[in-house]
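Note on naming: letters A, B, ... go to the chains in the order of the sequence lines (proteins, then strands), and numbering restarts at 1 for each one.
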Amino acid sequence: MTSTESRRASRRQVLKGAGALAAAGVIGAPAISKAQTGAIKIGVPTILSGRVAILGQTSVGGLKVVFDKFNAAGGINGRKIEMVVRDSKGAPQEAAKVTRDLINNDKCEIILDAEASSAAFAVQEVIREIGVLCIHSNSETSSLTADPKLHVPTAFRTARQGIHDAIGGGDYAAKIAKAKGLKKWATCSPDYAYGRSNTAEFMEYAKHFDGNIQVVEESWPKLFQPDYTEVVTKLLNAKADAMYSALWGGDLVAFIDQANLYGLFDKQASFMVNLGDYGVVDQVKQFPQGVYSGGRYNRTVPATKENEEWYQNYVKTQKHKPTNWSWENAVAAEFVVEALKKTDGDTNGKKMAEAIKGMTLRSQFGTKGTVTMRAEDNTLIDYIIGYGVSLSKEPYVADFQASAWEPIIELEKQWKKKQGYIS
Amino acid sequence: MDLDALLRCVGTTSCVVTQLTSGMIIGMLLFLIASGVTLIFGVLNVINFAHGSLYMIGAYAAWTFYQLTGSYFVSALGAAVAVGMLGILFERVLMSKVYGSNVLMQLLVCYAVVLISDDLIKIIWGPVPLSMGMPPEFRLPPIRFMGGVIPPFYLFMILAAMAIGLLLWLVIVRTRFGSIVRAAAINGPMVSALGIRVNLYYAAVFGIGSALAGAAGALAAPVRSLTPGMGFSILIESFIVTVIGGMGSIVGAFVASIIIGLTRSFGSIGFPLFVDGVMFLIMALVLIFKPSGLFGREHR
């Protein structure tokens, strides 16, 4: 046996090891890579591991439902679609690397960027260089498509946009604030691009619609933080009338569980834009009463036959419930399929972009049965957004109030002017 | 920086009580994990980088036992025992093969276990975050003390972690088992020459360290969402605790856990954007002025 002294690791080695482990944690590994000659290869960088693996899984589910149908119908000119899905773990540098690999090595002709905002900006820069068609299907950070400095002609977004949610949600929150006298507000959102911009925009429009609202406390827990105790006690000490949170996924479930222990929800009204997702709302065991939630994906919103059929088909084929990411990706896939039909299967980035720009699709996720890819900034509009009261059981939402798009478009214009995005 | 808010909090009893207990809650859970890391290092001189995975498996095991039995206490105990046994298996099959190897070899083995366990969790329980929910016996209104708020479950967590820590200390310091383990930590071959099967003690220590991680996972399960990879972030903090307290020192892990817990608790009010920075700053200062850690032995 080796002696104890000779086995002793130095502190420097320990720290080196810890550092290497940390680095390894943010470096992803390829997940699925299948090459097939003749197929139209679509690269999908996404998150398949770690705490938000649900994002990748349900995004791919949304894409598969559409592409499987397209392939079953024979594809286009005999060419079928083949997805090449890779795990970036949500790390920007890895997402950029994976996207380059997908295009250069796996010969993908189209990129469906199913990354969260933390990595979508990195993917956008790769697309700027290479020029293939890219649809961002999950990033909700407004500036990605609203800021002209970031504009890439072949990049689009089918994800909902933070500013749209903020205007609709701000209007809804202000009405409740006026009715209930909620003046002092606190916020608790994840500390990265999406959490920061979404929260700032929501509060800006809540104040726009109700001038009495003031923010008295802000908390910025880290993304994927396991423990929220200090955040909850900080919010408790703030003694606010209401709270807004853009936490999502498992982070939101953990926050609610921990905040419940302190009775936080008994002391204030709460608005949580991301509570409505399946996989979140059905995981909260001690459901707080009277929490307001943004509309994500719900089988009853809209309460139409088409939506229920889509839900049933998704659950049957993918073996799990769809999320907000599922419909956003399904819409992205529909745009790709329609554009391929228009270009007769030509996947050239410019031609595909021309086909998609301004395109209106029939969709059960649209307010009037359609969604449109707005030509001026390559972003989706007319999809269903709104707020309702969260329930602990099916249908998980009551009194859902869909936001009207006309005021959203008008206020979005003013917001863009204020940001210097348009003159 | 919002030092005014911090001063206001320190001047209010209710805020001090709430933040103090908040710091203890964060600290005690960290202590359970870090004490396992430090125990294994102190005796076996290996750094178990897969300790976070054992914490994760403990949480999932507790969730599963809870679904089966409906009893939180049985689930917590079952999770600790199950992870302890898994730890013994891990030590015998893998870690014992890299004793004496370069630390990077140990890291490689552990990282493989981390990846495999994350994927297995995803396959068995799925990628969707799971929530155990608060057991009915703890669904009580928070306790009010001097204006501060203390959730009953958190009080239980603090007391349970302290009791486990005390038991661990008594076992190591006051029992024959502990004496042999301490002797083996200093000179394994000598203990072996006395006719004691040191390998069994190594496996037992690894099992105890793993059971501590399992217990921490079970204690966290009712209040933290269960997701594949959940052990990673807590592992980094537990390494900070281990380095500050001194590698191999259980008392050091206890004190350092409280320091980190209070830093996070009061830091979230006074310097919310620099809490992690302060934690690493404390670690850097300890490494500069007392490289062996607050309670660590000097290595010759």
Quiz prompt | Top contributor to chain B interface from A:V284, A:V231, A:T233 [non-hydrogen pairs under 4.5 Å] | solution =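 With the most close heavy-atom pairs to chain B, the winner is A:T233.
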Are more than 12 heavy atoms, taken from residues, nucleotides or ligands other than [X], located less than 6.0 Å from that residue's [atom1] atom?
X      : atom1 : result
B:F156 : CZ    : yes
A:K64  : NZ    : no
B:R182 : CZ    : yes

Among [options], residue most engaged with chain A (heavy-atom pairs, under 4.5 Å):
options                : answer
B:G126, B:C15, B:P151  : B:P151
B:G148, B:S268, B:S14  : B:S268
B:V275, B:D119, B:L130 : B:L130

Quiz item: Sequence neighbours excluded, which residues qualify as ring-ring contact (aromatic ring centres under 6.0 Å, His included) partners of A:W325?
Solution: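 Once residues adjacent in sequence are excluded, the partners of A:W325 under the ring-ring contact (aromatic ring centres under 6.0 Å, His included) criterion are A:W248.
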Would you give the length of the straight line joining atom [atom1] of [X] to atom [atom2] of [Y], rounded to the nearest 0.5 angstrom?
X      : Y      : atom1 : atom2 : result
A:N237 : B:R8   : CG    : CZ    : 10.5 Å
B:M230 : A:F224 : CE    : CZ    : 14.0 Å
B:F138 : A:L261 : CZ    : CG    : 10.5 Å

Identify which part of [X] has an atom lying under 4.5 Å from any heavy atom of chain B, answering side chain, backbone, both or neither.
X      : answer
A:L236 : side chain
A:Q283 : both
A:Q258 : both

For the residue pair [X] and [Y], what are the closest heavy atoms and their distance?
X      : Y      : value
B:S131 : A:V253 : CB-CG1, 3.6 Å
A:Y262 : B:I25  : OH-CD1, 3.6 Å
B:S225 : A:G250 : OG-O, 2.9 Å
B:R264 : A:D227 : NH2-O, 3.5 Å
B:V223 : A:D257 : O-CB, 4.0 Å
B:D276 : A:K222 : OD2-NZ, 2.7 Å

With a 4.5 angstrom heavy-atom cut-off, which part of [X] approaches chain A: side chain, backbone, both or neither?
X      : value
B:P222 : backbone
B:Y154 : side chain
B:L140 : neither

Quiz prompt | Partner set under salt bridge (charged side-chain N to carboxylate O under 4.0 Å, His left out) for A:D282, not counting sequence neighbours | solution =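 Salt bridge (charged side-chain N to carboxylate O under 4.0 Å, His left out) list for A:D282, sorted by chain: A:K321.
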Practice problem: Check for a donor-acceptor pair, side chain of A:K234 on one end and backbone N or O of B:S265 on the other, with a separation under 3.5 Å. | Solution: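 Checking the backbone N and O of B:S265 against the side chain of A:K234, no donor-acceptor pair under 3.5 Å is found.
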Quiz item: Counting N and O atoms only, with roles assigned by atom type, does the side chain of A:K285 sit under 3.5 Å from a partner on the main chain of B:M132, one being a donor and the other an acceptor?
Solution: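 Pair absent, no side-chain N/O of A:K285 close to backbone of B:M132.
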Quiz item: With side chains defined as the heavy atoms from C-beta onward, is the minimum distance between B:P272 and A:E218 less than 4.5 Å?
Solution: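 Counting from C-beta outward, B:P272 and A:E218 never come under 4.5 Å.
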